[in-house]
Structures are given as C-alpha cells and as structure tokens.
Amino acid sequence: MSDKKSTTRPRVRFAPSPSGELHVGGARTALFNWLFARHHGGAFILRFEDTDTDRNKPELIEPIMESLRWLGLDLDEGPYFQSQRTSIYQEHAKKLLAEGKAYLCYCTPEEIEEKRKMAQVTKQNFRYDGKCRNLTPDERSQFEREGRKGALRIKIDPHGSTVVRDLIRGDVVYAHAELDDFVIQRSDGLPLYNFAVVVDDVTMGITHVIRADEHINNTPKQLLIYSALGFDYTKVKFVHVPMVLAKDRTKLSKRHGATAVFEYLEKGVLPEALVNYLVRLGWSHGDQEIFSMEEMIQKFSLEAVHPSPAIFDEEKLLWLNHHYIMHGDPMRLGELAKQFAIKKGIYSEQEANAISADRWAAVVNFLKERNRTLVELAESSKPFLKDQLEYYDPKAIEKFLTPDKAKLLEHVIEAVKENIDNVSFTATNLDAAVRAKLEANGSSLKEVAQPCRVALSGLTQGPGLFEMMEFLGKKRVIERLEKAISMNINKK
RNA sequence: GUCCCCAUCGUCUAGUGGCCUAGGACGCCGGCCUUUCACGCCGGCAACCGGGGUUCGAAUCCCCGUGGGGACGCCA
C-alpha cells in the first residue's frame with residue numbers, strides 16, 4: 001500500500017446509545033460504516049454514546065456488541081465509552097467558556113420548560129431567549145450564591161447560516177435564526193450529545209461521519225461546535241443515510257414486532273441473510289440481489305446509496321434466508337439447526353446430541369427446500385430424526401389412513417422387505433420396487449402415496465416418498481408402516 | 001406550528017435527457033414438473049404523486065403544489 005493511500009485511510013465510527021437493543025436500522029447504519037471502512041481499507045470504530053446516566057443501560061453493551069459480532073461486523077477500535085471521557089469534554093468546554101464562545105446559563109429546567117410551554121400555546125417555535133448570555137458579574141455571583149449550577153450554552157450568531165455538505169443530500173442550508181444557544185454541557189458537568197460527538201469525532205480522527213438521516217438536523221449545530229473549538233469541519237465528510245422504516249412508514253419501534261437484530265437471530269435467520277437484506281435497503285448494484293460479504297465490500301460505495309427511506313420487509317428477508325439455507329454448508333447449518341432444536345425445546349439436549357453431525361447435515365439437505373428459517377427446519381426434522389413419530393395430523397389420518405388402504409400398505413411393506421437390503425435401500429431402488437409390486441397387484445403408486453406418507457411422517461406434505469424412506473432407513477419404514485396398518489385395524 | 005429530508009409496481013429497487021411499450025427482485029395470481037408440499041422453470045397482474053415550465057425530446061433538469069417521513073430536550 002502506498003504512503004498516500006495510508007495517509008488517506010478513512011476512519012468511521014458507529015455510535016449507538018446503549019438505551020435499547022441494536023435494531024435493524026442501527027445494524028444497517030453499522031453495516032454501511034463497516035463496508036465503507038473495509039472497502040477503503042479504513043478503520044471501523046465502535047463508540048458507545050452513554051453520557052445520559054439516567055437512560056443508560058450498561059447491561060445492553062454486551063448484547064449490542066454480540067449483535068455486531070454475529071453480523072460479522074468486526075471492530076478495528078473500541079468500544080470507546082463516552083462515560084469514561086468526561087474530563088476530555090470538560091477540558092474543551094472550559095476552553096470555550098474561557099474564550100467567551102460559550103456561557104453559563106442559570107435558568108432552571110423548570111423555567112425553560114415554562115417558556116417552552118408558552119411557545120407551544122402561542123404556536124411559536126421555541127428557542128432559548130439568551131437570557132443568561134449577557135449576565136453581569138453581579139448577577140452571576142448572585143445565582144452562584146443561590147446554589148445554582150450553570151449549564152453551558154454555546155453562543156450562536158443569530159445571523160448568517162451554516163451549510164451542511166452531505167455526500168448523499170448535497171448542500172443543506174440552515175439559517176442560524178432557526179437555531180438557539182443550545183446547551184452543550186449539563187449543570188452536573190456531563191456533556192450533551194452534540195458536544196460529545198464533535199469532541200470525539202475530532203479527537204478520534206473520524207474522517208467520515210456516516211449516520212442515520214434523523215441526525216441531519218443536528219449537523220449544523222455540530223458544525224458550529226467544530227468551528228468554536230477551532231477545528232476545520234470541511235475536512236470531514238458527512239453522510240446521512242436514509243432511515244429504515246416499519247411497515248406503517250414510521251420509525252421502527254417495539255410496537256412494530258421484531259425490530260432487534262437478536263430477534264431475527266432467534267427466529268433462525270442467518271447473519272448472511274440479514275446482512276444481505278440490509279445492504280439492499282437503500283443501496284443497490286444494478287439488478288443484483290445476492291451478495292457475499294466479499295462482494296459487498298468490493299462493490300459498496302456511498303455514492304450508490306440513494307436518499308429515500310426504506311421499509312423493512314420481513315418477507316423478502318425470509319426469502320433471502322431460504323436462499324442461504326438452500327446454498328449454505330450443510331454441516332454448519334446442521335449444527336445450527338441442532339442448537340435451535342435444543343434452545344427452542346424441540347429436542348432434549350440428550351436427544352439432539354445422540355444424533356450425529358452428519359445426520360443433522362443430512363436432514364438439512366433433506367428439508368431445506370421447504371423451510372425458511374432454521375427454527376422451522378429444526379421443527380420439521382422431528383418425524384425424520386426422532387425414533388418415534390410424535391404426531392399424526394388428525395385430518396390426514398381420517399382422510400388417508402382408511403381401513404381400505406391396509407392391503408396396499410401391506411404390499412409396500414412386502415416390496416420393501418423382499419427386494420431391498422440395507423445397502424441398496426435407496427430412493428431409486430425403492431421407487432422401482434414399490435411401483436412394480438403395486439402394479440403386480442393391480443394397484444398404483446398414486447393410491448398409496450399419501451397414505452404411505454402419513455404412515456411414515458404423520459403429515460400430508462413433505463419430501464418425496466422414496467427419499468423419505470431412504471432417509472428413515474429400512475427398519476423404521478417397516479415399523480411405521482406396520483403401525484399405520486394396526487391403526488387401521490383398530491379403527492375397524 | 002417551525003425547520004429539514006424524501007417521492008418509480010403493495011415492498012426493495014434499476015434508471016442519471018432519446019436505448020422506456022419503464023427493467024429486476026420479494027410478494028401475489030396462473031401454468032408446467034410431480035405421489036403431496038416445496039424447490040425449479042414458464043407466464044401474468046402491478047409504478048414514474050399532481051400541475052406548470054426548460055428542451056426537438058423528459059421517470060430523468062427547474063418551480064409550485066400534494067403526500068410521506070424526520071427533527072425541534074440540561075435525550076441520543
């Protein structure tokens with residue numbers, strides 16, 4: 001790698017707040033950051049924005065990191081925690097105060113709230129009126145004597161405007177008249193979001209700020225902080241990616257059902273499927289739908305991210321998941337299916353472990369056409385991996401396991417017993433032998449196929465009849481056919 | 001209410017002024033295959049939000065509407 005390239009190596013960060021699980025929208029933002037970093041050989045950094053001690057949930061840190069790991073978004077740096085960097089923010093805050101670029105505001109939250117409500121009543125847009133901006137030393141010490149702790153507000157020149165140069169949206173102009181002297185440090189000395197972000201992005205050498213569109217209105221404020229701090233924000237690229245919306249076109253929230261990454265993990269969705277789905281939300285490469293991680297890294301570019309928000313469509317996710325179940329490594333998928341089988345209580349741990357890895361892999365191949373998630377697959381494996389059939393579809397019994405089918409099932413057993421030994425017990429051989437036997441007795445496969453299927457699996461639908469037989473093995477096939485016949489007799 | 005963003009099938013999208021009778025994918029509906037379901041294959045339904053410009057020519061450029069979303073905290 002040339003020196004030039006190494007000096008321009010981008011540094012990006014994903015900066016979640018640990019106040020909720022990592023949801024799919026956040027995951028997509030993380031993915032875009034990660035892809036951009038990987039594509040350019042840059043650094044992907046994780047930073048937890050946990051300055052709000054009230055809302056902060058430390059127990060969410062690990063699950064968020066686990067979600068990122070599961071998705072395959074590996075970190076180059078971090079995680080950093082803003083809660084551990086308070087002194088850094090305070091230093092910068094002190095500097096702004098000393099330089100007169102910020103001032104202490106002694107208004108209480110209650111006073112501010114009052115004014116906010118007033119503004120609401122008169123349908124005015126609330127902005128802080130700058131009451132404390134020009135306090136005299138006397139007034140200031142008076143407040144201090146009252147025991148008031150000041151919050152630090154940045155001075156914004158009400159005239160003029162700030163332009164956000166966004167890679168996706170172009171130039172967005174904000175009139176300062178729309179802004180106010182907003183608080184950058186709380187009266188308890190903790191920094192606020194806009195301030196901590198800027199200090200961090202500067203000190204961490206972030207070159208590209210890639211975040212969700214909901215943050216674009218914060219950007220002019222942050223730009224003003226860059227300037228106040230004496231930093232040149234034109235060196236930083238800002239990229240606001242479109243939001244991921246729920247079906248009702250509003251912001252994703254708990255009431256929308258599954259929105260967290262881990263919920264999809266638990267449904268038996270593969271990480272490559274979720275990543276593939278997410279990357280196509282707002283980004284595309286011609287008509288291509290299926291992307292491996294390598295292809296995404298190679299082909300991803302921010303310029304190809306389009307600006308409009310996207311709705312999360314679980315159906316398409318499941319289609320992709322099915323694709324990856326169809327084409328993935330059966331040994332890996334088998335192991336995962338086994339884990340879900342245990343986790344979801346479909347198999348006891350002992351039961352699942354008694355089945356070999358090869359067998360789990362085989363059942364994946366056997367059932368992958370008709371299962372969209374690994375949990376579904378684990379569930380539908382039961383008739384084929386367990387010794388005993390636990391379930392017969394009652395309607396299926398009524399319809400297909402009628403007494404008049406007993407004779408035909410006997411013929412099937414005969415065919416299975418007579419013509420085929422354990423070695424030649426293959427679908428092809430079984431197919432030929434069973435058909436021949438039935439025809440010799442003036443019957444046809446069509447007449448027994450469904451009864452036979454119900455006898456073997458308890459269900460009316462599933463893999464090919466002879467594939468099922470091959471998979472189950474001679475012993476079980478005979479057992480189950482005989483049992484079905486005895487069920488017929490009992491019915492009589 | 002104010003500010004900001006967005007606008008192609010139900011959904012994800014291709015499209016960067018003529019290649020568009022608007023392409024692909026999911027979903028949906030038919031058909032084929034077949035012992036069932038599925039897979040697969042074939043086919044179908046389905047969109048440029050509206051109005052003005054610019055231009056020989058607009059899905060593509062501009063303006064105005066309309067609609068949707070987001071932001072307006074000593075939250076992030």
Side-chain angles (χ1 to χ4, degrees), chain A residues 15-20 49-52 54-56 82 105 107-109 112-113 116 119-120 122-128 149-153 164 166 168-169 172-175 177-180 182-194 196-197 212-220 240 242-243 245 247 249-251 277 280-290 306-320 322 326 367-372 396 400 431 434-435 444-454 457 459-466 468:
Chain A
S17 155
S19 55
E49 313 228 314
D50 56 350
T51 54
D52 187 340
D54 294 340
R55 261 161 260 256
N56 210 10
Q82 290 188 328
C105 166
C107 300
T108 63
I112 298 291
E113 194 49 40
R116 200 187 308 283
Q120 238 164 37
T122 55
K123 296 204 169 181
Q124 297 292 302
N125 195 18
F126 173 77
R127 285 184 208 92
Y128 177 64
K149 291 280 181 206
L152 197 64
R153 286 184 186 272
V164 175
D166 188 273
I168 293 175
R169 284 155 220 290
V172 184
V173 183
Y174 290 87
E178 296 297 331
L179 274 27
D180 64 358
F182 58 96
V183 177
I184 58 175
Q185 188 180 74
R186 312 201 299 193
S187 49
D188 64 6
L190 290 176
L192 259 354
Y193 168 71
N194 284 123
V197 163
D213 198 27
E214 59 188 319
H215 288 297
I216 195 164
N217 289 344
N218 286 135
T219 311
H240 289 90
M243 311 251 305
L245 267 25
K247 243 188 170 62
R249 302 196 149 272
T250 63
K251 244 173 104 166
Y277 177 70
R280 286 281 293 98
L281 246 37
W283 178 80
S284 60
H285 185 78
D287 285 338
Q288 189 171 345
E289 295 288 350
I290 306 294
H306 82 156
S308 55
I311 293 167
F312 189 87
D313 178 16
E314 195 169 299
E315 280 300 317
K316 188 160 183 183
L317 202 212
L318 292 176
W319 170 75
L320 274 163
H322 183 234
M326 289 283 277
L367 297 172
K368 63 186 179 186
E369 275 93 353
R370 58 215 105 214
N371 290 283
R372 296 200 296 178
F400 295 111
D431 191 323
V434 171
R435 277 180 207 269
S444 71
L445 181 62
K446 195 133 191 149
E447 291 181 67
V448 253
Q450 285 301 80
C452 203
R453 169 181 305 287
V454 175
S457 69
L459 305 169
T460 56
Q461 40 103 311
L465 191 54
F466 302 108
M468 256 170 42

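Numbered from 1 within each chain, the chains take letters A, B, ... in sequence-line order. Everything numeric here is computed off the predicted structure, so don't read it as measured data.
In this structure, A:R280 atom CZ and B:A14 atom C1' are separated by 9 Å, rounded to whole Å. Per the geometry, CG belonging to A:D213 stands 13 Å off C1' belonging to B:G68, to the nearest Å. Rounded to an integer number of Å, the gap from CG of A:L317 to C1' of B:C12 is 12 Å. For A:Q288 and B:C26, the CD to P distance is 14 Å, given to the nearest whole Å. Rounding to whole angstrom units, CZ of residue A:R249 and C1' of B:C49 are separated by 12 Å. Following rounding to the nearest Å, A:E289 (CD) and B:G23 (P) show an atom-to-atom distance of 16 Å. Across the protein-nucleic acid pair, A:E214 atom CD and B:C6 atom P stand 16 Å apart, rounded to whole Å. Rounded to whole Å, atom P of B:G73 lies 8 Å from atom CG of A:N125.
Atom P of B:C19 sits at a distance of 42 Å from the matching atom of B:G1, rounded to the whole Å. Nucleotides B:C4 and B:U13, compared at atom P, are 25 Å apart to the nearest Å. Between B:C74 and B:C12, the two P atoms lie 35 Å apart (nearest whole Å). For the P atoms, the distance linking B:C64 with B:C6 amounts to 14 Å, nearest Å. To the nearest whole angstrom, the two P atoms, one in B:U35 and one in B:U8, are 46 Å apart. As rounded to the nearest Å, B:G43 and B:G51 have C1' atoms that lie 38 Å from one another. B:C61 and B:U54 have their C1' atoms separated by 8 Å, with the value rounded to a whole Å. The separation of B:C20 from B:C48, taken at their C1' atoms, amounts to 10 Å, rounded to a whole angstrom.
Across all strands shown, B:A71 pairs with B:U2; the Watson-Crick or G-U wobble distances both stay below 3.5 Å. The pairing partner recorded for B:A7 is B:U66, the criterion being a Watson-Crick or G-U wobble arrangement whose two distances lie under 3.5 angstrom. When both distances must be under 3.5 Å, the Watson-Crick or G-U wobble mate of B:C20 does not exist. In this structure B:C41 sits in a base pair with B:G31, meeting the Watson-Crick or G-U test at under 3.5 Å.
Considering only residues two or more places apart in sequence or on other chains, A:R116 meets the salt bridge (Lys or Arg N to Asp or Glu O under 4.0 Å) condition with A:E113.
Interface remark: the A:N218 side chain does form a donor-acceptor pair with the B:A76 base, using a distance-only criterion of under 3.5 Å. Counting distance only, with no hydrogens placed and no angle test, the side-chain atoms of A:D287 and the base atoms of B:G23 include a donor-acceptor pair under 3.5 Å.
Of the options A:N217, A:T219, A:D213, a side-chain hydrogen bond (donor to acceptor under 3.5 Å, both in side chains) to A:H240 is made by A:T219 and by none of the others.
For the pair A:N56 and A:T51, the minimum side-chain heavy-atom distance is 4.5 Å or more. A:R280 is not listed as a side-chain neighbour of A:H285, based on a closest heavy-atom distance of 4.5 Å or more.
Of the candidates B:U35, B:U13, B:U2, the closest approach to any side-chain atom of A:S284 belongs to B:U13. Each of B:C3, B:U35, B:U11 was ranked by its minimum atom distance to the side chain of A:D313; first place goes to B:U11. Among the nucleotides B:U11, B:C74, B:C4, the one closest to any side-chain atom of A:R186 is B:C74. Ranking B:C74, B:G24, B:A76 by closeness to the A:D52 side chain, first place goes to B:A76. In the set B:G70, B:A76, B:C74, B:G70 carries the atom at the smallest distance from any side-chain atom of A:M243. In this structure, of B:C6, B:A76, B:A71, it is B:A76 that holds the atom nearest to the side chain of A:T51. Looking at the side chain of A:F126, the nearest of the listed nucleotides B:A71, B:G73, B:C6 is B:G73. Taking every side-chain heavy atom of A:V183 into account, B:C74 is the closest of B:G10, B:C74, B:U13. Side chain of A:T250, nearest nucleotide from B:G70, B:C12, B:U2: B:G70. Counting only heavy atoms from C-beta on, A:I311 has its side chain closest to B:U11 among B:U35, B:A76, B:U11.
For the 3.5 Å distance criterion, the side chains of A:D52 and A:Y193 fail to qualify, holding no donor opposite an acceptor.
Residue contacts for A:C452: at a heavy-atom cut-off of 4.0 Å it reaches no nucleic acid atom on any strand shown.
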For this session: Produce a footprint string for nucleotides 36-43 of chain B: one letter per nucleotide, 5' end first; B if the base is under 4.0 Å from any protein heavy atom, S if only the sugar-phosphate is, - if neither.
Result: BBBS----
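One finds a salt bridge joining A:E315 and A:R372 here, because a Lys/Arg side-chain nitrogen approaches an Asp/Glu carboxylate oxygen to under 4.0 Å.
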